[in-house]
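Taking it in order: structure first as structure tokens, then the write-up.
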Amino acid sequence: MKRILSIILAAFALLSCDPAEKTNDSFSADNILDTRWKGTWRSLQGSIIKEQSEVTLKFTSADKGTFIQKRSSSPSKESYEMQYAVSGKNITFDCPVINGTWAVSDYTEKTMTLTLLPDKNGIMILVKE
């Protein structure tokens with residue numbers, strides 16, 4: 001009886017998962033085209049946060065967009081034009097502050113986490129607006 005109950009509970013748990021919440025296996029360049037993401041950027045030294053900012057990334061075309069940063073130490077925002085390229089689960093930015101290749105380490109339709117490669121000394125945790 002316990003075995004049957006366990007099977008039923010496992011099946012119920014699988015069926016209750018939201019199929020709209022896709023994992024990073026489903027990330028592609030199409031997922032970010034014409035989207036706007038807001039969140040935090042952190043510069044790390046080991047596990048210590050060296051710098052932190054509120055950021056907004058606007059992906060306005062297949063290879064261009066805007067990066068907006070509000071540093072915690074400044075009341076004003078800085079805006080930069082950015083170019084980007086997606087290759088698999090990596091996004092390479094040509095833009096001050098976030099220049100380099102970032103791995104999409106976690107992705108759903110509503111959230112995205114980017115980790116700066118190769119040293120993983122930067123992280124962006126973003127929510128789709």
Measuring from [X]:[atom1] to [Y]:[atom2], what's the distance to the nearest 0.5 Å?
X    : Y    : atom1 : atom2 : answer
S105 : K120 : OG    : NZ    : 8.0 Å
R36  : I68  : CZ    : CD1   : 5.5 Å
I91  : M112 : CD1   : CE    : 5.0 Å
S43  : N121 : OG    : CG    : 6.0 Å
Q83  : N99  : CD    : CG    : 11.0 Å
M82  : T66  : CE    : OG1   : 7.0 Å

### Task
Measure the acute angle between the ring planes of W37 and Y107, then classify it against the limits of 30° and 60° as parallel, tilted or perpendicular.
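W37 and Y107: tilted rings.
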### Parallel, tilted or perpendicular: ring planes of F59 versus F93, cut at 30 and 60 degrees
tilted
### Task
State which residues pass ring-ring contact (aromatic ring centres under 6.0 Å, His included) with F67; sequence neighbours excluded, sorted by chain then number.
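Partners of F67 under the ring-ring contact (aromatic ring centres under 6.0 Å, His included) test: none.
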### Query
Does the pair W41 and I98 meet the rule for a side-chain contact (heavy atoms from CB on, under 4.5 Å), with working shown?
CA-CA 9 Å; W41 165 83; I98 61 169; 4.1 Å; yes
### Query
Any luck finding a side-chain donor-acceptor pair between Q69 and S53 under 3.5 Å?
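Side chains of Q69 and S53: pair found under 3.5 Å.
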### Query
For L126, which of D106, T56, V55, T113 qualifies under side-chain contact (heavy atoms from CB on, under 4.5 Å)?
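Filter result, single survivor: V55.
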### Query
Between R71 and E51, does a salt bridge (charged side-chain N to carboxylate O under 4.0 Å, His left out) hold up when you go through it step by step?
CA-CA 8 Å; R71 297 177 192 265; E51 189 176 350; 2.4 Å; yes
### Message
Could you check whether E78 pairs with K70 (Lys NZ or Arg NE/NH1/NH2 to Asp/Glu carboxylate O, under 4.0 Å)?
### Response
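Looking at E78 and K70, the cut-off is not met.
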### Query
Ion pair present between E81 and K64, side-chain N to carboxylate O less than 4.0 angstrom?
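Result for this pair is no, no salt bridge flagged.
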### Query
Honestly curious: do F27 and I125 fall in one hydrophobic cluster under the side-chain, below-4.5 Å linking rule?
no
Indicate yes or no: at least one non-hydrogen side-chain atom of [X] is less than 4.5 angstrom from one of [Y].
X    : Y    : result
L44  : Q52  : no
V86  : I32  : yes
M124 : T115 : no

### Task
Applying side chain to side chain contact (heavy atoms under 4.5 Å, CB included), name anything that partners N90, two or more places apart in sequence or on another chain.
T101, A103, L117
### Task
Check for a donor-acceptor pair, side chain of N31 on one end and backbone N or O of S28 on the other, with a separation under 3.5 Å.
yes
### Query
Any idea which heavy atoms bring Y84 and S61 closest together, and the distance?
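Distance-wise, the nearest heavy atoms are OH-O, 2.6 Å.
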